[in-house]
2 protein chains.
Amino acid sequence: MHDMRIGELAERARVSTRALRYYEEQGILHSERTPSGQRVYGESAVERVRLIQHLFSAGLASRTIAVILPCVDTGHAPPEMLSSLHTERDRITNVIADLEQARQRLDDVIELTEHPDAEHCDRVRDAAERTNAILELADQPG
Amino acid sequence: MHDMRIGELAERARVSTRALRYYEEQGILHSERTPSGQRVYGESAVERVRLIQHLFSAGLASRTIAVILPCVDTGHAPPEMLSSLHTERDRITNVIADLEQARQRLDDVIELTEHPDAEHCDRVRDAAERTNAILELADQPG
DNA sequence: CCTCACGTTGACGTCAAGGGCAAGTCGACT
DNA sequence: AGTCGACTTGCCCTTGACGTCAACGTGAGG
């Protein structure tokens, strides 16, 4: 099982030890302790820290993560948490959609810069206009 | 063209006026000014602010946004910026992948909680294992 | 002219996610 | 026994994205 201390985990998960202690402080990463108090982690901690980083880098707050991670750990959720799980799921879905849109804009710019021929310009401009139209529609207040 | 002042833009784009002034301070949102100094925005500012929000909520920093937004504005990029555009594009792609993975974990938990029958359990557990295997592989240092 | 909501800049406050330092402890090696 | 790097807690510092408050200007209506 190759248990490790905080330094090795930090190195393998590419975060600082400070960050790992912070995660523990926030209740999103747990550790065993040696009799003298040093933190000891199992192999699975590496993947867990990566997941935490992904969630952070996607804009989730530590308290949100603290709420959903235990469910991911145990593989199931108390039924009264289902709604908040759905909420977070939807939030993530929205962020993904926003990101895909932003990426599409970048792609348009890249495409236009790399292949500035007229047909491409028209196609891309049209696509941008459709995107905008969709945006407007999606935004009409009920 | 229905120009507007900062209050209306804030309302329509669902951000605070403080945020809008902050965006201007960071050079990612520009405004015309009346002779007396009040900010005036055109219709397109609404969509622009939304895009800014999306990028922020996806974890991009304001300086990153400041770099790429002008290209999105003009629709093309100086060739020497292409590589950094590609870099940002790839970064966004990675964030999307991370998010999709995180969402998949949430979906697994939701599925297991809502339909805790044995077949589903097996299927989901297998999927999780495959996911982990992929993660491990994707991470082997060159 | 007065009012009153809306606008301006400037400065300070806040909150999250850590960074960095200090002062002491642990543990492996010589 | 000494030493040296990795570890501990505690504390304050920094950065980004705003919130908030102060003190003041603007402009359309009564």
Side-chain angles (χ1 to χ4, degrees), chain A residues 2-42 45-46 48-69 88 91 95 98 102, chain B residues 2-42 45-46 48-69 88 91 95 98 102:
Chain A
H2 183 56
D3 285 357
M4 51 196 144
R5 288 181 300 168
I6 199 170
E8 186 178 346
L9 176 56
E11 195 171 345
R12 290 183 52 188
R14 287 152 180 93
V15 299
S16 66
T17 61
R18 178 64 177 88
L20 295 179
R21 294 196 190 96
Y22 176 73
Y23 297 163
E24 184 166 328
E25 195 180 311
Q26 301 302 305
I28 59 184
L29 176 67
H30 309 294
S31 63
E32 298 298 305
R33 297 294 185 113
T34 67
S36 69
Q38 299 203 345
R39 290 169 178 85
V40 178
Y41 304 92
V46 178
R48 188 190 181 82
V49 171
R50 295 245 173 84
L51 174 59
I52 292 174
Q53 287 271 304
H54 292 163
L55 294 172
F56 268 125
S57 89
L60 304 209
S62 68
R63 258 174 314 192
T64 306
I65 299 178
V67 170
I68 65 178
L69 260 190
E88 275 315 309
R91 224 188 64 84
V95 172
D98 293 348
Chain B
H2 183 57
D3 284 358
M4 51 196 146
R5 288 180 301 166
I6 199 170
E8 185 177 348
L9 176 57
E11 194 171 347
R12 291 183 51 189
R14 286 151 181 93
V15 299
S16 67
T17 61
R18 178 63 175 90
L20 295 179
R21 294 197 190 97
Y22 176 73
Y23 297 163
E24 184 166 328
E25 194 180 312
Q26 301 302 305
I28 59 184
L29 177 66
H30 308 294
S31 62
E32 298 298 305
R33 297 295 185 113
T34 67
S36 69
Q38 300 202 183
R39 289 169 178 83
V40 178
Y41 304 92
V46 178
R48 186 190 182 83
V49 171
R50 293 244 175 84
L51 175 58
I52 291 173
Q53 287 271 303
H54 293 164
L55 294 173
F56 268 124
S57 88
L60 302 210
S62 68
R63 256 173 316 190
T64 306
I65 299 178
V67 169
I68 65 178
L69 259 190
E88 276 315 310
R91 225 188 64 83
V95 172
D98 292 347

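Note that the coordinates shown come from a computational prediction; the quantities given were computed from them, not determined experimentally. Computation of the quantities below employed the complete heavy-atom set of this structure, encompassing side-chain atoms and omitting hydrogens, waters and symmetry-equivalent molecules. The chains referred to below are lettered A, B, ... by the order of the sequence lines, with proteins before strands, and numbering in each begins at 1.
- Between A:F56 and A:S62, the shortest heavy-atom distance links the atoms CZ-CB, 3.7 Å.
- Remark: B:S36 is not in phosphate contact with C:dT8, judged by side-chain N or O atoms under 4.0 Å from OP1 or OP2.
- When the P atom of C:dC6 is taken as reference, atom CE of B:M4 falls 16 Å away, rounded to whole Å.
- At C:dG20, none of the side-chain N or O atoms of A:R21 fall inside 4.0 Å of OP1 or OP2 (strictly under the cut-off).
- Proximity of a side-chain donor or acceptor of B:R39 to a complementary backbone N or O of B:G37 within less than 3.5 Å is not detected.
- Here the closest heavy-atom approach between residue B:V49 and residue B:A13 is recorded as CG1-CB, 3.6 Å.
- Between A:Q38 and B:T34, the one whose closest nucleotide on DNA chain D sits nearer the 5' end is A:Q38.
- As a whole-Å value, the separation of B:L9 CG from C:dG7 P is 10 Å.
- Counting to the nearest Å, the C1' atom of C:dT8 and the CZ atom of B:R33 are 8 Å from each other.
- Rounded to an integer number of Å, the gap from A:L55 CG to C:dG18 P is 12 Å.
- Look at OH on A:Y41: it is 16 Å from P on D:dA6, rounded to the nearest Å.
- One atom, CD1 of B:I6, and another, C1' of C:dT9, lie 12 Å apart when rounded to the nearest Å.
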Intermediate values then yes/no, side-chain contact (heavy atoms from CB on, under 4.5 Å), A:I65 and A:L51: CA-CA 10 Å; A:I65 299 178; A:L51 174 59; over 6 Å; no
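- Heavy atoms only, all atoms of each residue included: A:R91 and A:L60 are closest at NH2-CD2, 2.7 Å.
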Sequence-aligned protein contact record of nucleotides 13-24 of chain D, with B where the base is within under 4.0 Å of a protein heavy atom and S where only the sugar-phosphate is: ---SBBBB----
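- The closest side-chain donor-acceptor pair between A:T64 and A:E88, if any, does not fall under 3.5 angstrom.
- Here the C1' atom of nucleotide D:dG27 and the CZ atom of B:R5 are 8 Å apart, to the nearest Å.
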